[in-house]
Protein chains: 2
Amino acid sequence: MSGASIKDVAALARVSMSTVSNVLNNPQRVSAESRDRVQRAIEQLGFVRNAAARQLRVGSSKLLGLALINISNPFFTDVATGVEEAAREAGYSVLLGNSASRPDGESGFLELFEKQQVDGVLIVPSGDVLDKLDGLRRRGTPAVLIDRVDDRRAFSSVSTDDLAGGRLAAKHLLSLGRRNLWFIGGLLSVRQMNDRLEGFRGMIANYPGVSLRVETGAFVDATSGLEYGRAIASLPVDQRPDAIFAANDMLALGVIQGLTATGFRVPQDVAVIGYDDIVFSAAAAIPLTSVRQPSRRMGSTAAQLLIDEIADPHNFRPRSIVYEPQLIIRASTGDPKGTTP
Amino acid sequence: MSGASIKDVAALARVSMSTVSNVLNNPQRVSAESRDRVQRAIEQLGFVRNAAARQLRVGSSKLLGLALINISNPFFTDVATGVEEAAREAGYSVLLGNSASRPDGESGFLELFEKQQVDGVLIVPSGDVLDKLDGLRRRGTPAVLIDRVDDRRAFSSVSTDDLAGGRLAAKHLLSLGRRNLWFIGGLLSVRQMNDRLEGFRGMIANYPGVSLRVETGAFVDATSGLEYGRAIASLPVDQRPDAIFAANDMLALGVIQGLTATGFRVPQDVAVIGYDDIVFSAAAAIPLTSVRQPSRRMGSTAAQLLIDEIADPHNFRPRSIVYEPQLIIRASTGDPKGTTP
DNA sequence: TTGAAAGCGCTAACAT
DNA sequence: ATGTTAGCGCTTTCAA
C-alpha cells in the first residue's frame with residue numbers, strides 16, 4: 001500500500017541505508033556494483049524519495065512559492081510561465097498560489113509557503129503584505145516582489161514603471177483630443193493601481209480644461225468592467241467620458257463589452273485603453289490599445305533574483321529592476337486598421 | 001535567522017513540547033492557562049509549524065497535486081479555479097503543476113507530487129500516464145482524471161462527452177451547408193483529441209459527398225493555429241476547406257487570425273468552430289462558435305471525488321462523471337449578430 | 001492536565 | 001567503499 005523507504009531499498013539491495021542515500025546524492029562515491037543493485041531495487045520497489053524527510057534533514061526544499069492575485073488573468077499566467085522557466089533551470093520547482101481562491105488572500109499563502117518550507121517567495125502583492133514578508137525573512141525565507149517596488153528598498157523587486165505607464169496612457173488619449181477622461185481601477189491601496197492613476201493624473205495636469213473622474217472598486221475583472229461599461233449609458237450625457245483608462249486589460253475588455261452592449265461605439269464615442277497587453281487583447285472584437293508590460297520576462301528575472309539571494313544570502317543587496325512600459329496602439333483608441341501585433 | 005521550533009515555544013512558555021503540540025492539535029485538552037502562555041509564545045517567536053516534520057510523522061500533507069497541460073489556456077485555469085474551491089472547503093491546499101514548463105512533462109510532476117507526499121493527484125492527462133498513475137496508487141496515492149475517462153475504469157474521472165462534442169460540431173457545420181471540412185488538433189494519441197475527431201468523423205459519415213481532412217501536430221496553441229490559418233492561403237483553391245473544427249479555442253482563435261490576415265473572410269469563406277468555450281471566445285474579433293465544457297464545475301467535481309476517495313480509500317469505487325457538451329453558436333460560423341453570451 | 005520518549009524517512013559525520 | 005548512528009521537528013502513545 002504505502003510507499004517504500006530507503007530502508008526497504010537497502011534491504012533488497014543488501015546494502016546499508018547510507019549507501020542507498022549515497023547512490024541518490026553522491027553516486028560517484030559508490031562502487032558500480034552496489035550502484036547497480038541499488039538502482040534495480042529502486043525500480044523494483046517503485047521507490048520515490050520522501051521529500052518531507054529530506055527537507056527536515058537538509059533544511060531546504062528546492063521549492064519556490066509564487067503567490068498570484070488571480071490565475072484567470074493571462075498577465076499572471078505569463079508571469080508564472082517566466083518564473084517556472086527560470087526556476088526549472090536552477091533546479092527548483094514552484095508552488096503556485098492563487099490568492100483569489102483564499103478568503104485570507106495572499107497572507108494565507110505566505111503561511112502555507114512557510115509551512116511547506118519553501119526556499120523563497122515570489123509575490124505579486126495586492127494587499128499590505130510587507131510586514132508579513134519581513135517576518136518571513138527574519139525566519140530565513142527571502143522574498144522578491146513582482147509588479148511593484150518596495151519603497152523601503154528592503155526587498156528586491158521586478159516591476160514596470162507604472163507612473164510612466166499612466167502617463168503614456170494619458171498622453172495618448174489627450175493627443176487624440178479626448179477631454180473627459182475616466183480612470184477605472186481596483187483599490188488604490190494597491191500600489192500598482194495608485195501609480196497608474198498618479199501617472200495618468202500627473203500628465204493630465206499639464207492640460208487645462210481636461211476633466212478626470214476616478215472609479216475604483218474591489219474587483220478588477222471582466223465582469224466588473226462590464227458593469228462599469230453598462231452603467232455609463234444611464235448617466236446624463238454631460239457626465240459621460242469620451243475616453244477610459246482601465247487599470248488592466250481584463251477590466252478594459254469588460255468595459256468595451258458593456259459599452260457596445262449599450263449602444264456606444266468604441267472608439268468613436270468612447271476610446272478605451274487597457275494595461276498589461278495580454279495576448280487576447282490583440283484579437284479582441286475591438287482590438288485593445290494597451291500599455292504593455294514584459295510579463296514573462298518579469299517573471300523569469302524575479303525568479304533569478306530570488307535564486308541568487310537564496311544561493312548567497314550574506315552578500316545580498318536588494319535590487320529593483322524596473323522595465324519601461326510600452327504603448328501598443330490598436331483600434332480601441334482609433335487606430336483604423338487595428339493591426340498592430 | 002531560521003524559524004523557531006516547538007521546542008523553543010515550549011521553553012518560552014515553560015511547558016513541554018507535547019503541550020505545545022496539543023495546543024496546536026487538541027486545544028480542548030489543555031488548560032486555559034497553558035494555552036494562553038503557549039499562544040503568546042507562538043506569537044512572540046513568530047512560530048510557524050514545519051509541515052515537513054508534521055507530514056513525516058502523520059503521513060498526510062493535506063495537499064492535492066493538480067497537473068495541467070498548459071496554464072496559459074483559460075480552460076485549464078478555470079478547471080484549476082474549480083479544483084481550488086472544492087479543495088479549500090475540505091481543508092486542502094493545491095500544488096499546481098504546469099506540464100508545459102517541464103521537459104519531462106506531466107510525469108515529471110507526478111514524481112514531484114509523490115515526493116511532496118500529496119494526498120491525491122488530479123490530472124488532465126495528455127500523454128500516456130496511466131501506468132504511472134497505477135504505480136502511484138499502489139504506493140498509496142489516489143488519482144482522478146479530468147477531461148477524459150479511463151477506459152479500464154480503474155480511476156475516477158470527470159469529463160465531457162467528447163464524441164458528442166465532435167458530433168455537435170459536425171452537425172452544425174453540415175447544417176450550414178459546408179462540405180469541405182478540416183479537423184485541426186494536437187496528437188491523436190491524446191484521448192480527448194481522438195474522441196473529438198471520431199465524433200466529428202462519425203457524424204460526417206452520414207453525409208455523402210463531404211470531405212474531411214485531418215491536420216494534427218504537436219502543439220495546440222494560438223501560435224500553431226495562426227500558422228495553420230496562414231498556410232491555407234498557399235493551397236490550391238480546390239483543396240481549401242470551407243469549415244474548420246479546431247480541437248480547442250486557443251487554436252481556433254489563432255486559426256481565425258491566420259485566415260483573416262491572409263484575406264479570408266470568416267465565416268463567409270471559412271467557418272471556424274472551437275472547443276471549450278473559454279471566456280475570451282465571446283469577445284473575440286470574430287466571436288467564436290464553440291463546444292462548451294463546464295470547466296470550473298469539472299474541476300470542483302473532480303476534487304470532490306478525489307477528496308472522498310482519500311477520506312475512505314477502502315470503500316472506493318471508481319466513478320466516471322461525464323458532462324454533456326453544449327454548442328454555443330456565434331459569428332465565426334455565421335450567426336449574424338454573434339451576440340450569444 | 002501534563003510530560004517523557006519513541007519514531008516517521010532521510011542525510012551526514014564518523015568509524016571501519 | 002561501506003556501515004553505524006544521531007538527529008532534523010513533529011505527533012502520539014503511555015505514564016504520572
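Letters A, B, ... are given to chains in the order of the sequence lines, protein chains preceding strands, and every chain is numbered from 1.
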(message) Categorize A/T19 for me: base, sugar-phosphate, or nothing, with a 4.0 angstrom heavy-atom threshold over every strand shown.
(response)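 Sugar-phosphate: the residue A/T19, judged by heavy atoms under 4.0 Å, touches backbone atoms but no base.
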Starting at [atom1] of [X] and ending at [atom2] of [N], how long is that distance when rounded to a whole Å?
| X | N | atom1 | atom2 | result |
| --- | --- | --- | --- | --- |
| B/R57 | C/dA6 | CZ | C1' | 8 Å |
| B/E33 | C/dT1 | CD | C1' | 11 Å |
| A/D8 | C/dC8 | CG | P | 11 Å |
| A/M17 | C/dG9 | CE | C1' | 7 Å |
| B/N25 | C/dT2 | CG | P | 15 Å |
| A/Q55 | C/dA12 | CD | P | 14 Å |
| B/Q28 | C/dT1 | CD | C1' | 12 Å |
| B/Q117 | C/dG9 | CD | P | 9 Å |

Less than 4.0 angstrom between a side-chain N/O of [X] and OP1 or OP2 of [N], yes or no?
| X | N | result |
| --- | --- | --- |
| B/S16 | C/dG3 | yes |
| A/R54 | C/dT11 | yes |
| A/R49 | C/dT11 | yes |

Which pairs with one or both residues in [range] pass salt bridge (Lys or Arg N to Asp or Glu O under 4.0 Å), sequence neighbours excluded?
| range | value |
| --- | --- |
| residues 22-38 of chain B | B/E33-B/R37 |
| residues 294-309 of chain B | B/E85-B/R296, B/R137-B/E309 |
| residues 4-24 of chain A | none |

(request) Between B/A32 and A/L56, just flag the one whose closest nucleotide in DNA chain C comes earlier from the 5' side. (result)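 Nearest nucleotide further toward 5': that of B/A32.
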(request) Would you kindly compare B/V58 and B/N22 by the position of their nearest DNA chain C nucleotide and give the one closer to the 5′ end? (result)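 Nearest-nucleotide comparison on DNA chain C picks B/N22.
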When rounded to the nearest 0.5 angstrom, what distance separates [atom1] in [X] from [atom2] in [Y]?
| X | Y | atom1 | atom2 | value |
| --- | --- | --- | --- | --- |
| B/F113 | B/I123 | CZ | CD1 | 8.0 Å |
| A/L64 | A/I307 | CG | CD1 | 5.5 Å |
| B/I6 | B/R54 | CD1 | CZ | 9.5 Å |

(message) Taking B/R191 first and then B/D128, would you say they form a salt bridge - that is, a charged N and a carboxylate O separated by under 4.0 Å?
(response)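 No, no charged N to carboxylate O under 4.0 Å.
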(request) From the options C/dC8, C/dT11, C/dG9, select the nucleotide whose nearest atom is closest to the side chain of A/A53. (result)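 Minimum distance to the A/A53 side chain belongs to C/dG9.
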[X] atom [atom1], over 12 foreign heavy atoms within 6.0 Å:
| X | atom1 | value |
| --- | --- | --- |
| B/R317 | CZ | no |
| A/K132 | NZ | no |
| B/Y323 | OH | yes |

Pairs under 3.5 Å (N/O, protein and nucleotides 13-16 of chain C):
none

(request) Extract, from 5' to 3' on DNA chain D, the first and final nucleotides lying under 4.0 angstrom from some heavy atom of chain A. (result)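 Terminal contacting nucleotides, 5' to 3': D/dA1 to D/dG9.
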(request) Taking the side chain as every heavy atom from C-beta outward, state whether A/I146 and A/V79 have any pair of such atoms under 4.5 Å apart. (result)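 A/I146 vs A/V79: side chains touch.
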(message) I'd like to know if the side chain of B/S300 reaches the main chain of B/G82, judged simply by a donor and an acceptor atom lying under 3.5 Å from each other, with no hydrogens or angles considered.
(response)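 Checking the backbone N and O of B/G82 against the side chain of B/S300, no donor-acceptor pair under 3.5 Å is found.
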(request) Return one dot-bracket line describing DNA chain D 5' to 3' (Watson-Crick or G-U wobble pairs, both distances under 3.5 Å; ( ) same strand, [ ] crossing, | another strand, . none). (result) ||||||||||||||||
